[in-house]
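Following: one structure in structure tokens, then a few remarks.
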Amino acid sequence: MTKSFYLTTAIDYVNGQPHLGHAYEKVISDVIARSRRSLGQEVFFLTGLDEHGQKVQQAAHNEGKTPQAYCDALALDWRTFARELQLSNQDFVRTSDPRHKSVVQAVLTKLNNEGHFYRSKYKGFYSTRQETFLTEKDRRPDGSFDPIYGDVTELVEENYYFKLKDHQQWLIDTIEANPEFIAPINRRNEVLGFLKNNELEDLCITRPAARLSWGIPLPFDPEYVTYVWFDALVNYISIPAAYGDPKLITALPDLKLDASTQSQGLALWPADLHVIGKDILKFHAVYWPIMLKAIGLALPKQILVHGWWQKDGEKISKSTGNIIDPLAVINNWSLDAFRYYVTRELAIGPDGNWTDAGFAARYTAELANGIGNLLNRSLAMLRSYRQKVVPPRHDELSHGAMTTVATVRTQLLNQDLQGALQSLFSLITTANQFIDQTAPFKLAKDPAQAQRLDEILYNLIEVCRILAVLIWPFLPTTAEKIFAQIGIVNPPADFNLAVWGGLPAGHVTNDPAPLFPRRDTLSSPA
RNA sequence: GCCAGAGUAGCUCAGGGGUAGAGCAGAGGACUCAUAAGCCUUUGGUCGCAGGUUCAAUUCCUGCCUCUGGCACCA
């Protein structure tokens, strides 16, 4: 079986409801997944939830639920959210899944047997009320701890540690030898700078089950559960293992799995892309590669780090109330408008700034007046002048269109989603200029110009058809609507359709209908 | 505090030793197929501040100011 393009999102921690940051990461990942599929690759797109830990245990307790029941309820919301975003994920992992737990335990068993762990004592200040250790940073200027922590006592706790330290130089060498491993480049420099200027400390990988019961028990010491690293990060390999990826079956020979899914033998690992936020870069660029090396697995091809959103130039925060509810935006403006704004507004990497005015401006200028109006005027002219029948093929805009197609292809393969949208819209401008220069509405008044009018109309409809194919990974519903209006039955989900001349003479289109109705028109009384 | 990066048109940003660029916003115009859309033209800048190197600096160097990111909690 040939290896699929395997991409993942971060798995989100289930305390609370999904917000713009979650939606953003999932949408850009989905666009990448759809792009690769359109370009002919098999794709496995994974997203999911991180469910263990103190906060969830506490929140469940407060609601009088078991942690599992609490997570089950929230997981439903998050799956619904994924559907609302039209994510094309193949699976949805939850860290409380038995299939995930068994992989985590197999990993822990293997690394323990091979001497990657040791026990050690940690002495620190412990807040019983918050059930957490405090650090020097938690002290107030006078040296005391904030009363919210209650009684703070010095406590000694024994835990398991993973030997990170030994692999520091290897990691530096690996990152330097693989320039693509961390993108964008400034994030790579950040990691290298950190690794060269600091000595790694070994990683504490457990919590005593006595104070954190909602976790995965260590197979070799039931007094402990594994802490976040060997739980959440492992999701990236636990799902491939569940589908019987031979690389994982070999690396984890003691793993017992569900035979029905395992028999599929999907070839997924190594991941081609981990899409993450900048806040979890260290875990993915430092801990995870070393964990994989210890397990005996290849590293992912690339870690793609995106930025955060601000609103009106300020940090998004619930307390100040400047929040964006993605579902409200989707209900108000349509899913495709949301997907368009977040992919078009910024490149993957820098922080973005959400403004309602900017959103409305892009909607009107680019979606309604841009792609929507081009399709509308092209189909309207074909209807008026040729009774919706496509004339014989003509190639006047072919060269420009094919140049755009080639550029977009390269940009999609480089995950340059913003650039691809910009390229695609330049073709819209070209087509609008073409209409202006050739003035088909004038030619229509002169029967002697019938052939020239045919030529122009063919070029316009064909450009619209190609635009639908190019835009499908970003705006799947819109692309399908364009095809439907042109009267094409097959889906626009295949990049190979973006070849000039695909529209046959004599084809009959449907009637035009606005793809993105102008909002000012909508809201004004008739 | 330490380590990076950035300050260029109203906004978002590109560029780079020799007449400052794009998109959007603003202004004007010709048209009418279209969602009053589209097209053409066009106004805006001491290129953060102060020095230095150079025939020539927005670009290179130094200092300063401001902002952002990282310095192991958090999409």
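Chain letters run A, B, ... following the sequence lines, proteins first, then strands; residues in each count from 1.
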Item to check | Closest nucleotide among B/G38, B/G69, B/C33 to the A/Ala380 side chain | outcome: B/C33
Checklist entry - On a whole-Å scale, what distance lies between the P atoms belonging to B/C11 and B/G45? => result 13 Å
Item to check | Given A/Tyr227, A/Trp288, A/Trp229, the one that forms ring pair (Phe, Tyr, Trp, His ring centres under 6.0 Å) with A/Phe283 | outcome: A/Trp229
Checklist entry - So what does A/Ala368 hit on the nucleic acid, given a heavy-atom distance under 4.0 Å: a base, only sugar-phosphate, or nothing? => result base
Checklist entry - What are the two closest non-hydrogen atoms of A/Trp78 and A/Gln17, and how far apart are they? => result CZ2-C, 3.9 Å
Checklist entry - Can you find a side chain N or O atom of A/Arg518 that sits less than 4.0 Å from OP1 or OP2 on B/A37? => result yes
Checklist outcome for this item: Residue set satisfying salt bridge (Lys or Arg N to Asp or Glu O under 4.0 Å) with A/Lys278, at least two apart, ordered chain then number -> A/Asp351
Checklist entry - Dot-bracket for RNA chain B, 5' to 3', counting Watson-Crick or G-U wobble pairs under 3.5 Å, with [ ] for crossing pairs and | for inter-strand pairs? => result (((((((..((((....[..)))).((((.........)))).....(((((..]....))))))))))))....
Next on the checklist: Using atom P in both nucleotides, what's the gap between B/A9 and B/G21 to the nearest angstrom?
Outcome noted: 14 Å
Next on the checklist: Side chain of A/Arg187 only, heavy atoms from C-beta on: which candidate in B/G70, B/U32, B/A37 is closest?
Outcome noted: B/G70
Next on the checklist: Could you tell me how far B/U8 sits from B/U68 if I compare only their P atoms? Round to whole Å.
Outcome noted: 15 Å
Checklist entry - Base, sugar-phosphate, or nothing for A/Asn186, non-hydrogen atoms under 4.0 angstrom? => result nothing
Next on the checklist: Categorize A/Pro514 for me: base, sugar-phosphate, or nothing, with a 4.0 angstrom heavy-atom threshold over every strand shown.
Outcome noted: base
Next on the checklist: So A/Arg383, base contact, sugar-phosphate only, or nothing? Heavy-atom distance under 4.0 Å.
Outcome noted: nothing
Item to check | Whole-Å distance separating the NE2 atom of A/His52 from the C1' atom of B/C73 | outcome: 20 Å
Checklist entry - Which is true for A/Tyr385 with a 4.0 Å heavy-atom rule: it touches a base, it touches only sugar-phosphate, or it touches nothing? => result sugar-phosphate
Next on the checklist: So if I take every side-chain heavy atom of A/Asp436 and compare against B/C39, B/C74, B/G70, which nucleotide ends up nearest?
Outcome noted: B/C39
Checklist entry - In whole angstrom, what separates A/Lys196's NZ from B/A72's C1'? => result 19 Å
Checklist outcome for this item: Residue set satisfying ring pair (Phe, Tyr, Trp, His ring centres under 6.0 Å) with A/Phe425, at least two apart, ordered chain then number -> A/Tyr340
Checklist outcome for this item: Between the CG atom in A/Asp416 and the CG atom in A/Leu421, the distance rounded to the nearest 0.5 Å is 9.0 Å
Checklist entry - Whole Å only: how far is the CG atom of A/Leu192 from the P atom of B/A72? => result 17 Å
Checklist entry - Is the closest basic N to carboxylate O distance between A/Lys26 and A/Asp30 below 4.0 Å? => result no
Next on the checklist: Does the protein touch nucleotides 1-8 of chain B at the base, only the backbone, or not at all? Give it as B, S and - per nucleotide, heavy atoms under 4.0 Å.
Outcome noted: --------
Checklist outcome for this item: Picking from B/C74, B/A34, B/C39, the nucleotide nearest the side-chain atoms of A/Thr429 would be B/C39
Checklist entry - Considering only the C1' atoms, how many Å lie between B/U53 and B/C61, rounded to the nearest integer? => result 7 Å
Item to check | B/U58 and B/C49, which share atom name C1', separated by this distance in whole Å | outcome: 14 Å
Item to check | Nearest-neighbour nucleotide for the A/Lys282 side chain, B/C71, B/U35, B/G38 considered | outcome: B/C71
Tell me which donor-acceptor pairs under 3.5 Å the side chains of residues 187-194 of chain A have, and how far apart each pair is, sequence neighbours excluded?
unit_1	atom_1	unit_2	atom_2	d
A/Arg187	NH1	A/Glu190	OE1	3.0
A/Arg188	NH2	A/Ile175	O	3.1

Checklist outcome for this item: Regarding B/G44, purine or pyrimidine glycosidic angle vs 90° from 0 gives syn
Next on the checklist: Quick check: A/Trp333 with A/Phe338 (ring centres under 6.0 Å apart)?
Outcome noted: no
Checklist entry - Under the 3.5 angstrom rule, does the side chain of A/Asp454 hit a backbone N or O of A/Pro391 as a donor-acceptor pair? => result no
Item to check | 5' priority, RNA chain B, between A/Gly307 and A/Gly372 [closest heavy atom] | outcome: A/Gly372
Checklist entry - Can you say whether the rings of A/His22 and A/His19 are parallel (under 30°), tilted (30 to 60°) or perpendicular (over 60°)? => result tilted
Checklist entry - When the P atoms of B/G51 and B/A56 are considered, how many whole Å apart are they? => result 16 Å
Checklist entry - A/Val286 side chain: which of B/A72, B/C31, B/G38 is closest? => result B/A72
Item to check | Whole angstrom value for the distance that separates C1' of B/U35 from CZ of A/Phe516 | outcome: 12 Å
Checklist outcome for this item: In whole angstroms, the gap separating P of B/G23 from CG of A/Leu421 amounts to 18 Å
Checklist entry - Is the shortest side-chain N/O distance from A/Gln422 to OP1 or OP2 of B/G23 below 4.0 Å? => result no
Checklist entry - Among all residues two or more places apart in sequence or in another chain, which pass the salt bridge (Lys or Arg N to Asp or Glu O under 4.0 Å) test with A/Arg94? => result A/Glu51, A/Asp72
Checklist entry - More 5' along RNA chain B: A/Ile371 or A/Ile428, using each one's nearest nucleotide? => result A/Ile371
Item to check | Nearest to side-chain heavy atoms of A/Asn369, which nucleotide of B/A37, B/G69, B/A34 | outcome: B/A37
Item to check | Pairwise C1' distance, B/G70 and B/C55 [rounded to whole Å] | outcome: 43 Å
Checklist entry - A/Arg519 CZ to B/A36 P: how many Å, rounded? => result 15 Å
Next on the checklist: Applying side-chain hydrogen bond (donor to acceptor under 3.5 Å, both in side chains) to A/Gln415 and A/Gln302, what does each step give before you reach the verdict?
Outcome noted: CA-CA 11 Å; A/Gln415 279 87 242; A/Gln302 186 170 79; 3.1 Å; yes
Next on the checklist: Mind checking if A/Tyr13 touches a base, just sugar-phosphate, or nothing, with heavy atoms under 4.0 Å?
Outcome noted: nothing
Checklist entry - In whole angstroms, how far is the P atom of B/A34 from the CG atom of A/Leu374? => result 14 Å
Checklist entry - Are A/Tyr341 and A/Phe359 close enough that their ring centres sit under 6.0 Å apart? => result yes
Item to check | Among B/G70, B/C33, B/C73, the one nearest A/Ile435 by side-chain distance | outcome: B/C33
Checklist entry - So, is A/Asn373 near the phosphate of B/A34, with a side-chain N or O under 4.0 Å from OP1 or OP2? => result no
Checklist entry - Which part of the nucleic acid, if any, lies within contact of A/Leu200, taking any heavy atom under 4.0 Å across all strands shown: a base, the sugar-phosphate backbone alone, or nothing? => result base
Next on the checklist: Within the 4.0 Å heavy-atom criterion, would you say A/Ile280 contacts the bases, only the backbone, or no part of the nucleic acid?
Outcome noted: sugar-phosphate
Checklist entry - Looking only at atom P, what distance separates B/C67 and B/U62, rounded to whole Å? => result 22 Å
Checklist entry - Is A/Lys26 touching bases, backbone alone, or none of the nucleic acid, heavy atoms closer than 4.0 Å? => result nothing
Next on the checklist: Just the rounded figure in Å: distance from C1' of B/A72 to CD1 of A/Ile276.
Outcome noted: 14 Å
